Amino acid sequence: MELIAVKNLSAWFGEFQALKNISLVAERHEVVALIGPSGCGKSTFVRCLNRLHEEVPGGHLQGEVWLDGQNIYAPGVDPVNVRRGVGMVFQKPNPFPGMSIFENVSVGLRLAGISKRAVLAEKVEQALRQAVLWDEVKDVLKRPGTSLSGGQQQRLCIARALAVEPPVILMDEPTSALDPISTAKIEELIQELKERVTVVIVTHNMQQAARISDRTAFFLLGELVEYGKTDQVFTQPQDERTERYITGRFG
Amino acid sequence: MRSSDKLFYYLLKTLAWGVVGLLAAMVLVVLWMSWEALGHFGLRFFVDASWDSWREEFGALAFIYGTLVTSFIAVLLAVPVSLAVALYLNELAPPWIARPLGFFVEMLAAIPSIVYGLWGLFVLAPFLRDHVQPLLATYLGFLPFFQGPQMGVGLLGAGVILAIMIIPTIASISREVFKSVPESLREAALGLGATRWEMLRIAVLRVALSGVMGAVVLGLGRALGETMAVTMLIGNRPQIVWSLFESGQTMASILANQYAEADSSLHLSALTAVGLALFVVSLVINSLARWIIWRMQRVV
Amino acid sequence: MFERISLRRRLVNQLMLGLLFAGAILAAVPFFFISWYVLQKGLGALSVEFFTQTPVGPGQQGGGMANAIVGSSIMLTLASLLGIPWGMAAGIYLSEYGRGKTAQTLRFAVDLLTSVPSIVVGIFIYGVIVIHFGFSAYAGGAALAVIMIPIVARSTEEILKLTPQHIREAGLGLGLPRWRVILRIVLPGSRAALLTGVMLALARVAGETAPLLFTALGNQFFSHSLSEPTSSLPVQIYNFAKSGYPDMEAMAWGGALVLVLFVFIINLVTRALMGMRWN
């Protein structure tokens with residue numbers, strides 16, 4: 001069964017419809033890239049996958065999102081339970097100020113009720129290793145998370161999301177605020193993460209989508225114009241609008 | 001610059017710096033008027049609790065004690081309520097509740113001190129005497145704080161009225177501070193599977209902690225200098241006692257009570273020295289609060 | 001895939017959200033209690049005499065607080081004459097010329113002056129004026145002015161800063177000198193908001209009691225001159241409240257109602273004005 005299956009999803013901000021009847025499936029251990037011009041709804045789409053969209057004033061939606069065989073919008077589903085199973089990394093690195101590197105990574109575990117120091121230490125190390133940050137911070141775990149460089153902060157945020165071992169990680173333009181070297185590191189990291197998790201990544205950078213993703217979805221004005229294998233979308237787009245976008249004729 | 005421009009500029013500049021001059025003059029005048037008492041009693045003035053205008057024995061300790069106790073009660077009671085209202089209004093309430101509720105809390109700040117005093121004296125104090133103090137005495141009476149005569153007016157009454165008065169101060173500054181916490185931190189917490197309260201705890205309260213401290217210190221500053229409501233509720237007897245039911249006197253209330261009728265120049269000077277202490281403490285406290293808030297807003 | 005969060009976490013969440021709501025309600029409760037009592041007890045004391053008569057002795061019927069209302073009006077006028085121009089000048093300076101470290105220092109000083117306990121302002125005026133000239137309306141007005149200055153300065157600065165830069169540039173581009181741009185273009189453009197700031201400052205000092213206790217003192221009749229002790233509404237309320245006579249206490253509630261209405265109406269009107277500007 002698919003890990004992610006979105007069926008007829010429409011989303012609104014008040015009166016404004018940001019997503020129009022989107023359907024999409026993704027398998028395990030895939031990287032799915034969402035591309036499209038700004039304002040096309042790709043960020044809104046990922047925020048529907050962990051029920052963050054409804055936190056925005058006026059945000060509401062219709063349709064179904066199935067994660068691992070369960071409709072997360074079924075009545076009675078607690079969004080808190082959903083979000084535990086879906087990690088999220090944001091556009092700007094946002095470690096919690098006032099928390100050390102260690103605390104930033106362990107905060108999700110502590111919320112889940114794990115308080116044994118040894119278990120926390122082990123899981124924190126594991127997450128930091130997966131985020132390829134361990135070697136850089138292992139001696140300074142007590143320093144504030146905000147004292148790291150931008151690229152390190154973003155990897156810290158990835159470690160924070162990985163620590164609770166979610167099967168899905170959502171990334172909303174995670175490299176748009178970073179320099180090219182940090183960006184390259186994070187792209188490499190995403191490739192490795194595929195072993196463990198499914199990554200849904202929003203990007204405004206088509207080269208990035210082509211480099212790192214297995215499937216690509218092209219959004220335009222709230223519609224899903226095209227979705228398929230990345231090679232295919234970039235080499236033989238089915239829709240004329242996709243072709244015009246990837247050849248740089250608008251956007 | 002043209003000469004008319006220059007004239008205008010220097011006129012404004014003079015008046016603007018005149019405000020600093022005013023503050024400086026205030027320090028100098030109050031210091032100068034306190035000189036006689038400070039010279040006469042020295043630093044003993046601040047550790048001596050006797051206040052006798054017949055024998056001209058003056059010490060401010062009882063007033064310092066009264067001010068500290070009432071301000072402490074006020075902060076203790078006001079902080080949880082202020083933080084609750086600030087969090088609820090900023091983070092939880094739908095707009096149709098947040099607007100009127102926020103308005104009522106803000107209007108608390110507009111009510112004059114004398115009206116708080118009047119209400120405190122005739123409504124709050126009898127209520128404390130008849131309903132709150134008996135309860136405290138029954139259940140917590142083994143503590144020295146809750147023993148003695150139940151009169152309503154006293155340290156406890158003054159502390160409660162001060163708490164009500166500083167709620168809008170602490171709440172409104174806390175709301176500003178919470179607003180400066182980036183939205184993405186809240187989303188990060190929710191994204192980790194935090195409940196709403198856990199989100200408030202790790203992404204709002206913890207991040208804004210130092211700013212909230214600033215708000216609390218500012219509230220404390222207001223409580224220390226508050227005069228009329230306290231004067232009307234504290235019972236006006238300078239004494240150092242454990243019981244919060246007992247009467248007391250604060251630095252501000254002794255000034256309100258005796259300044260216009262000081263018997264001698266030493267008495268007047270001693271009163272002014274109390275005012276000087278109050279002045280210095282409030283300058284320090286307010287500078288500290290503004291520094292804390294300024295620093296926090298720079299970090300986030 | 002979806003582990004349910006523990007019952008404990010859900011309960012703690014519900015409990016804390018409930019406490020926050022309760023705290024929010026608790027914070028608003030005093031407003032209703034105070035308003036209710038002031039209205040209920042004050043309304044009975046208001047009459048034509050309240051506004052036209054001076055106080056009578058304890059135990060006697062009738063009398064009013066006319067002298068206190070007049071005294072308050074006089075001292076507020078005096079305070080405005082000194083405090084508004086001075087405060088506005090400082091505010092204009094901060095907004096139009098205030099840059100860098102010195103302006104920062106100035107702002108800090110203004111903020112500190114705002115937070116000086118008002119009773120200390122009373123001592124200052126006592127030392128500067130009362131010692132030499134005795135208790136008077138002048139002294140009371142000066143004390144209130146000192147309290148008004150920083151409030152007016154800050155509100156003026158905040159308001160003028162909202163004026164877009166291009167409006168000033170347009171004026172300067174016409175060849176007007178800077179002072180005329182400020183006086184003829186910037187200030188008139190913010191007239192309503194500036195008035196709002198001044199009204200709020202007035203509302204704030206109208207209730208001040210402590211700085212008047214030993215500057216204007218107070219009395220039971222109309223003063224004949226500004227250099228005599230002068231009664232004011234807040235001080236009169238204070239004296240009546242602690243008199244111990246029920247008639248006088250009733251008068252005090254009447255005075256409180258007048259004061260609260262004055263303050264609330266100013267706040268409501270200014271809010272409505274600002275709301276209209278912003279929407």
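This is a predicted model, so every value here is computed, not measured. All values below come from the heavy atoms of this structure, side chains included, with hydrogens, waters and symmetry mates left out. Order of the sequence lines fixes the chain letters, A, B, ..., with proteins taken first and strands second; residue numbering starts at 1 for each chain.
Of the two parts of B:L268, only the side chain, counted from C-beta on, holds a non-hydrogen atom closer than 4.5 Å to a non-hydrogen atom of chain C. Contact of B:L200 with chain C is made through the side chain alone, with heavy-atom distances under 4.5 Å. In this structure, chain B has no heavy atom under 4.5 Å from any part of C:T215. Looking at C:I266, neither its backbone nor its side chain comes within 4.5 Å of chain B, counting heavy atoms on both sides. Heavy-atom distances place the side chain of B:N257, and not its backbone, under 4.5 Å from chain C. Contacts of B:V29 with chain C are made by side-chain atoms alone, with heavy-atom separations under 4.5 Å and no backbone atom involved. Neither the backbone nor the side chain of C:L212 comes within contact range of chain B; no heavy atom of the residue lies under 4.5 Å from a heavy atom of that chain. Heavy atoms closer than 4.5 Å to chain C are found in the side chain of B:T227, but not in its backbone. Only the side chain of C:F32 comes within contact range of chain B, with heavy atoms under 4.5 Å apart. At a 4.5 Å heavy-atom cutoff, C:E208 makes no contact with chain B through either its backbone or its side chain. Heavy atoms of C:A210 lying under 4.5 Å from chain B belong to its backbone as well as its side chain. Of the two parts of C:I131, only the side chain, counted from C-beta on, holds a non-hydrogen atom closer than 4.5 Å to a non-hydrogen atom of chain B. The parts of B:A25 that come within reach of chain C are both its backbone and its side chain, each placing non-hydrogen atoms under 4.5 angstrom from that chain. The contact between B:L87 and chain C is made entirely by side chain atoms (from C-beta outward), counting heavy-atom distances below 4.5 Å. For C:V110, the parts sitting under 4.5 Å from any heavy atom of chain B are the backbone and the side chain alike. With a 4.5 Å cut-off on non-hydrogen atoms, C:I34 touches chain B through its backbone and its side chain both. Residue C:L257: no heavy atom, backbone or side chain, is found under 4.5 Å from chain B. Using a 4.5 Å cut-off between heavy atoms, B:A98 makes no contact with chain C at all. Proximity to chain B (any heavy atom under 4.5 Å) is shown, for C:L213, by both the backbone and the side chain. C:F135 touches chain B through its side chain: at least one heavy atom from C-beta onward sits under 4.5 Å away, while N, CA, C and O do not. The contact between B:L283 and chain C is made by backbone and side chain atoms together, counting heavy-atom distances below 4.5 Å.
For B:D5 (side chain) and C:R178 (main-chain N/O), a donor-acceptor pair under 3.5 Å exists by modelled atom type. A donor-acceptor pair under 3.5 Å is absent between the side-chain atoms of B:W197 and the main chain of C:Q14, judged by distance alone.
Across all their heavy atoms, B:S282 and C:S115 have their closest contact at OG-O, 4.1 Å. The shortest heavy-atom contact between C:Y93 and B:A16 is CD2-CB, 3.5 Å. Of all heavy-atom pairs spanning B:G275 and C:V120, the tightest one is O-CG2, 3.8 Å.
Residues C:R9 and B:E198 are in side-chain contact: their nearest non-hydrogen atoms beyond the backbone lie under 4.5 Å apart. C:F124 has its side chain within reach of B:L22: a pair of non-hydrogen atoms, C-beta onward, lies under 4.5 Å apart. In this structure, C:V116 and B:L23 have side chains that are in contact, with non-hydrogen atoms separated by less than 4.5 Å. Between B:L92 and C:F21 the shortest side-chain heavy-atom distance does not fall below 4.5 Å. In this structure, the side chains of B:M26 and C:V146 come closer than 4.5 Å at one or more pairs of heavy atoms. At a threshold of 4.5 Å between non-hydrogen side-chain atoms, the residues C:Y238 and B:M228 count as touching. The side-chain heavy atoms of C:I123 and B:Y259, taken from C-beta on, include a pair separated by under 4.5 Å. Between B:W17 and C:L106, some side-chain heavy-atom pair lies under the 4.5 Å cut-off.
For C:E157, the side-chain hydrogen bond (donor to acceptor under 3.5 Å, both in side chains) criterion is met by C:R107, C:R154, C:K161, not counting sequence neighbours. By the salt bridge (charged side-chain N to carboxylate O under 4.0 Å, His left out) test, B:R290 is found to be paired with C:D111, residues two or more places apart in sequence or in another chain being considered.
Put simply, of C:A24, C:G23, C:P117, the one with the most heavy-atom pairs under 4.5 Å next to chain B is C:A24. The residue among B:G221, B:G117, B:S287 with the most heavy atom pairs within less than 4.5 Å of chain C is B:S287. No other option in B:M232, B:R201, B:E226 has as many heavy-atom pairs under 4.5 Å with chain C as B:M232. Most heavy-atom pairs under 4.5 Å with chain C, from the set B:L118, B:I164, B:L278: that is B:L118. Among C:F33, C:F264, C:W253, the residue with the largest count of heavy-atom pairs under 4.5 Å with chain B is C:W253. The candidate with the highest count of non-hydrogen atom pairs below 4.5 Å against chain C, out of B:L101, B:L224, B:T14, B:V30, is B:L101. Of the listed residues C:T209, C:L268, C:V263, the one with more heavy-atom pairs under 4.5 angstrom with chain B than any other is C:T209. Listed options B:L89, B:L218, B:V20, B:L255 were ranked by heavy-atom pairs under 4.5 angstrom with chain C; first place goes to B:L255. Across C:A252, C:A241, C:G87, C:G255, the residue that shares the most heavy-atom pairs under 4.5 angstrom with chain B is C:A241. Looking only at heavy-atom pairs under 4.5 Å with chain B, the residue among C:L26, C:N267, C:I149, C:T105 that has the most is C:N267. Between chain C and the residues B:R196, B:R222, B:E91, the most heavy-atom pairs under 4.5 angstrom are made by B:R196.
In this structure, C:F31 CZ and B:I167 CD1 are separated by 14.0 Å, a value rounded to the nearest 0.5 Å.
Ring pair B:F8/C:W179 is tilted by interplanar angle, where 30° to 60° counts as tilted.
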Extract all donor-acceptor atom pairs below 3.5 Å that involve side chains of residues 119-128 of chain B and protein atoms in other chains or at least two apart in sequence.
none

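Of residues 103-114 of chain B, those residues lying under 4.5 Å from chain C by any heavy-atom pair are B:F103, B:F104, B:V105, B:E106, B:M107, B:L108, B:A110, B:I111, B:P112, B:I114.
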Passes side chain to side chain contact (heavy atoms under 4.5 Å, CB included), C:Y126 versus B:M33? Steps please. CA-CA 10 Å; C:Y126 188 94; B:M33 288 171 71; 3.8 Å; yes

